[in-house]
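Computation of the quantities below employed the complete heavy-atom set of this structure, encompassing side-chain atoms and omitting hydrogens, waters and symmetry-equivalent molecules. Predicted, not measured: the structure shown is a model, and the values here were computed from it.
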Amino acid sequence: ALKGKEKMLGKTHPETLDTVMNVAIVYNGGLKDYAKAKELYQRALEGYEAQQGKDHASTKKCAKNLAICLGVAGEKLKLRKIIDEHPHIMI
C-alpha cells in the first residue's frame, strides 16, 4: 500500500504520510520494532511539518506517536527534544 501511494501521489503527499504513520503504528505496537517505527514516524513528522505546519492535527498526532515510541524505546534525550519542539504533547 505504501509503495503504491508513493508512486501515485508522491512521498510527501498527506495521504502518503498518513500511510507512513499507519505503518509506523504497526511496527511500534504490533511488531515492537521501535527502530523501524521511529524511522517511519520521523519521516511522516518531517513531511507533515513541511506540508501542513506544526499546528495541524496530523502533525500533532504524529509527534505524539513518535514521543510515545521514543519513551518506550528508552530514548530520553530524543524524547525531550520532541517534547520541547511540540509542547502540546502530554504523555
Side-chain angles (χ1 to χ4, degrees):
L2 178 55
K3 296 260 186 227
K5 287 222 177 163
E6 288 174 338
K7 187 175 181 179
M8 189 170 71
L9 301 172
K11 289 188 175 195
T12 60
H13 189 279
E15 287 183 33
T16 303
L17 297 173
D18 290 344
T19 301
V20 171
M21 187 165 60
N22 289 336
V23 173
I25 289 168
V26 171
Y27 276 101
N28 188 51
L31 300 175
K32 308 292 187 217
D33 184 343
Y34 303 119
K36 186 65 176 177
K38 181 179 69 170
E39 173 189 325
L40 291 166
Y41 281 133
Q42 190 64 50
R43 175 183 160 194
L45 181 60
E46 289 170 5
Y48 284 134
E49 287 177 344
Q51 295 295 319
Q52 299 173 327
K54 279 191 169 187
D55 292 327
H56 192 275
S58 295
T59 305
K60 289 180 177 184
K61 180 178 179 182
C62 189
K64 183 173 183 172
N65 287 348
L66 175 57
I68 292 167
C69 179
L70 293 170
V72 171
E75 297 191 38
K76 293 179 182 178
L77 293 176
K78 292 179 182 178
L79 172 59
R80 173 54 48 203
K81 182 180 179 205
I82 291 295
I83 291 172
D84 289 345
E85 291 174 359
H86 299 273
H88 68 277
I89 297 173
M90 302 289 279
I91 58 169

Just verifying a value: how many Å separate [X] [atom1] and [Y] [atom2], rounded to the nearest 0.5 Å?
X   : Y   : atom1 : atom2 : value
L9  : T16 : CG    : OG1   : 4.5 Å
T59 : L17 : OG1   : CG    : 9.0 Å
C69 : K32 : SG    : NZ    : 10.5 Å
T19 : K3  : OG1   : NZ    : 13.0 Å
L77 : E75 : CG    : CD    : 9.0 Å
D18 : H13 : CG    : NE2   : 9.5 Å

Are [X] and [Y] packed together at the side-chain level, in the sense that at least one heavy-atom pair is separated by less than 4.5 angstrom?
X   : Y   : answer
V23 : V26 : no
M21 : L40 : no
L45 : I82 : yes
Q42 : E46 : yes
N65 : N28 : no

Contacts of E15 meeting side chain to side chain donor-acceptor pair (under 3.5 Å) (sequence neighbours excluded), chain-then-number -> none
Those residues at least two apart in sequence (or on a different chain) that pass side chain to side chain donor-acceptor pair (under 3.5 Å) with E85 are none
For A24 and A37, the nearest pair of non-hydrogen atoms, with its separation, is O-CB, 3.6 Å
Quick note, ring-ring contact (aromatic ring centres under 6.0 Å, His included) partners involving residues 38-87, not counting sequence neighbours, are H86-H88
Q: State whether the number of non-hydrogen atoms from other residues, nucleotides or ligands found under 6.0 Å of K11 atom NZ is greater than 12.
A: no
Might you confirm whether atom NZ of K60 has over 12 heavy atoms from other residues, nucleotides or ligands at distances under 6.0 Å? yes
inquiry  = With a 4.0 Å cut-off on N to O distance, would you call R43 and E6 a salt bridge?
reply    = yes
| task | Answer yes if V20 and L31 sit in the same cluster of Ile, Leu, Val, Met, Phe, Trp and Tyr residues linked by side chain heavy atoms under 4.5 Å apart, and no otherwise. | result | yes
Is there a path of hydrophobic side-chain contacts, each under 4.5 Å between heavy atoms of I/L/V/M/F/W/Y residues, joining I83 to L70?
yes
